[in-house]
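The first residue of the sequence shown is numbered 1, and numbering continues consecutively from there. Keep in mind that the numbers below use all heavy atoms, side chains included, and drop hydrogens, waters and symmetry copies.
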Amino acid sequence: MEIFKKFGQEISYTDILQIDGAFSEKHKLYNKSPIFNNNNGKNLAKVSIVKSASNNNSKTFAGTEENFKLNDRIDLWENYWLEYVNAFDKLINVLPNSVVTVFVGRQAIEIGFKYLLLKKTHQVKNEHNLEILSNQFFTEYAVNEDYMNYVCDFCKNYGEYIEGENVEYFRYPEYKSNTYFAGNNTDMEWLSYNLALILLKLIHYAGLDEKF
C-alpha cells in the first residue's frame, strides 16, 4: 500500500503488532514526548504530575493524573489549544477540502473557548456547543472589542445550519435520531477561512500572537 511511508517502505499489515506500545509505562523507555505547537511537552504540568514508580508492571501508570494545580491545568489547555491550531494550519494547506480539516478547526475553537473560560472561571465547562461556549466567553470577559463582532453569531448559525446541532458533525457519517451526513455541497475552504478568522481573533484576545 502507498500509505504510512513515514514508518519505512516495508511496513505491512502482516507485521507483528508491538503490543507493549499500548502501555504508558513502557513509553518512558524511549524518552520521547508529545509536541505542542513545535515545543516539547515533557515539562507540561511538571508541578502536578506525580511520577509513577518504576517497576516491571507495565500497567502501573494509566496515562492520566488527578488534582492538577490550576496553573498547570491552564498551561496544559493552552498548549493543547495551540497544537490544535498548529495542526489546523497544516491541514488547510495539505487537505483544504477535507471534512477532517474543518473538524480539527472547529475543535480548535472549542478548546480555545474552554481554555479562556478556565482562566477566568477556574472550571472547564462540560459543553461542546459552540454557541453556548461563545456566549459564556463573551459574558465572562464582557467582550466589547470591535474585531470580535459576529463571533457569537457565526457560532450560533454554524451550529444550527451546518452541524444541524450535531456537535460531532464532520467527525462521523451518522448522528443522533437516525440522521446522516448531508454536507455534500459544503465549501470546506470557505468554512476553514471563517474558522481560521475566529481562531486568530481568540489568539489575539488571549495575548498569544507571539506563540506563532
Side-chain angles (χ1 to χ4, degrees), residues 34-39 41 73-172 175 181-212:
I35 301 299
F36 292 91
N37 195 38
N38 298 318
N39 296 311
R73 292 180 67 203
I74 291 173
D75 285 345
L76 191 58
W77 274 89
E78 178 182 305
N79 281 280
Y80 243 86
W81 180 33
L82 297 182
E83 181 60 7
Y84 262 89
V85 175
N86 183 44
F88 178 51
D89 178 45
K90 288 178 169 55
L91 284 170
I92 289 171
N93 292 288
V94 179
L95 299 170
N97 296 302
S98 172
V99 294
V100 175
T101 299
V102 173
F103 182 78
V104 171
R106 183 247 191 258
Q107 185 72 358
I109 291 173
E110 178 180 330
I111 294 175
F113 282 138
K114 290 183 174 180
Y115 158 72
L116 288 163
L117 287 169
L118 174 63
K119 288 187 69 177
K120 189 72 171 180
T121 68
H122 301 170
Q123 295 179 337
V124 175
K125 191 173 182 64
N126 185 20
E127 179 61 61
H128 301 288
N129 186 298
L130 292 185
E131 178 188 0
I132 294 173
L133 290 170
S134 63
N135 285 336
Q136 185 181 4
F137 161 68
F138 269 69
T139 299
E140 293 290 348
Y141 280 88
V143 177
N144 59 9
E145 284 79 359
D146 289 344
Y147 68 85
M148 296 294 284
N149 288 345
Y150 308 119
V151 169
C152 288
D153 299 286
F154 185 92
C155 289
K156 176 182 184 300
N157 291 326
Y158 176 84
E160 186 170 352
Y161 298 108
I162 296 290
E163 294 182 336
E165 299 185 356
N166 296 294
V167 295
E168 293 187 326
Y169 200 69
F170 294 125
R171 184 178 183 182
Y172 298 118
Y175 313 99
F181 174 77
N184 300 318
N185 295 316
T186 306
D187 187 334
M188 296 304 189
E189 287 193 85
W190 189 27
L191 270 184
S192 291
Y193 171 78
N194 284 282
L195 298 179
L197 277 180
I198 292 176
L199 287 168
L200 285 174
K201 294 173 188 295
L202 292 179
I203 289 168
H204 181 74
Y205 192 89
L208 297 176
D209 305 67
E210 293 184 359
K211 292 283 186 177
F212 291 93

Using a 4.5 Å cut-off on heavy atoms from C-beta on, say whether the side chain of Phe181 contacts that of Phe170.
-> yes
How far apart are the closest heavy atoms of Leu195 and Gly105, and which atoms are they?
-> CD1-C, 4.1 Å
Output the distance between atom SG (Cys155) and atom CD1 (Ile198), rounded to the nearest 0.5 Å.
-> 4.5 Å
So which heavy atom on Ser192 is nearest to which on Phe88, and how close?
-> O-CZ, 3.6 Å
Does atom OH of Tyr169 have more than 12 heavy-atom neighbours from other groups under 6.0 Å away?
-> yes
Heavy-atom nearest pair, Pro96 first then Ile92, reads CB-O, 3.2 Å
Determine whether Lys120 and Leu117 make a side-chain contact, defined as any pair of heavy atoms from C-beta on separated by less than 4.5 Å.
-> no
Pairs meeting criterion side-chain hydrogen bond (donor to acceptor under 3.5 Å, both in side chains) with involvement of residues 94-112, two or more places apart = Arg106-Glu110, Arg106-Glu163, Glu110-Lys114, Glu110-His128
Can you check whether Glu189's main-chain N or O pairs, donor with acceptor, with Asp187's side chain at less than 3.5 Å?
-> yes
State whether the number of non-hydrogen atoms from other residues, nucleotides or ligands found under 6.0 Å of Tyr80 atom OH is greater than 12.
-> no
Mind checking the OH-CG spacing from Tyr84 to Leu199? Nearest 0.5 Å is all I need.
-> 13.0 Å
Check: Phe212 and Leu82 side chains under 4.5 Å, non-hydrogen atoms | yes
Lys211 NZ: over 12 foreign heavy atoms closer than 6.0 Å = no
Below 4.5 Å, heavy atoms only, C-beta onward: do Asn194 and Tyr158 meet side chain to side chain?
-> no
Is there side-chain contact between Asn37 and Val85, with at least one heavy-atom pair below 4.5 Å?
-> no
With sequence neighbours left out, write down each residue that passes salt bridge (charged side-chain N to carboxylate O under 4.0 Å, His left out) with Lys156, or none if nothing qualifies.
-> Glu160
Return the minimal non-hydrogen interatomic distance between Tyr115 and Glu78, and the atom names on each side.
-> OH-OE1, 2.8 Å
Could you tell me whether the side chain of Asn79 and the main chain of Gly41 form a donor-acceptor pair under 3.5 Å?
-> no
Has Tyr150 got more than 12 heavy atoms of other residues, nucleotides or ligands less than 6.0 Å from its OH?
-> no
Sequence neighbours left out, cut at 3.5 Å: what donor-acceptor pairs do the side chains of residues 136-149 make with other protein atoms?
from: Thr139; atom 1: OG1; to: Asn135; atom 2: O; distance (Å): 2.9
from: Tyr141; atom 1: OH; to: Leu116; atom 2: O; distance (Å): 2.5
from: Asn149; atom 1: ND2; to: Asp146; atom 2: O; distance (Å): 3.1

Between Leu118 and Trp77, the two heavy atoms sitting closest are CD2-CD1, 3.4 Å
CZ of Phe36 to CG of Asn86, rounded to nearest 0.5 Å, is 11.5 Å
In Å, rounded to the nearest 0.5 Å, how long is the span from SG of Cys152 to CD1 of Ile132?
-> 12.0 Å
Between NE2 of His204 and CG of Leu202, what distance do you get to the nearest 0.5 Å?
-> 11.5 Å
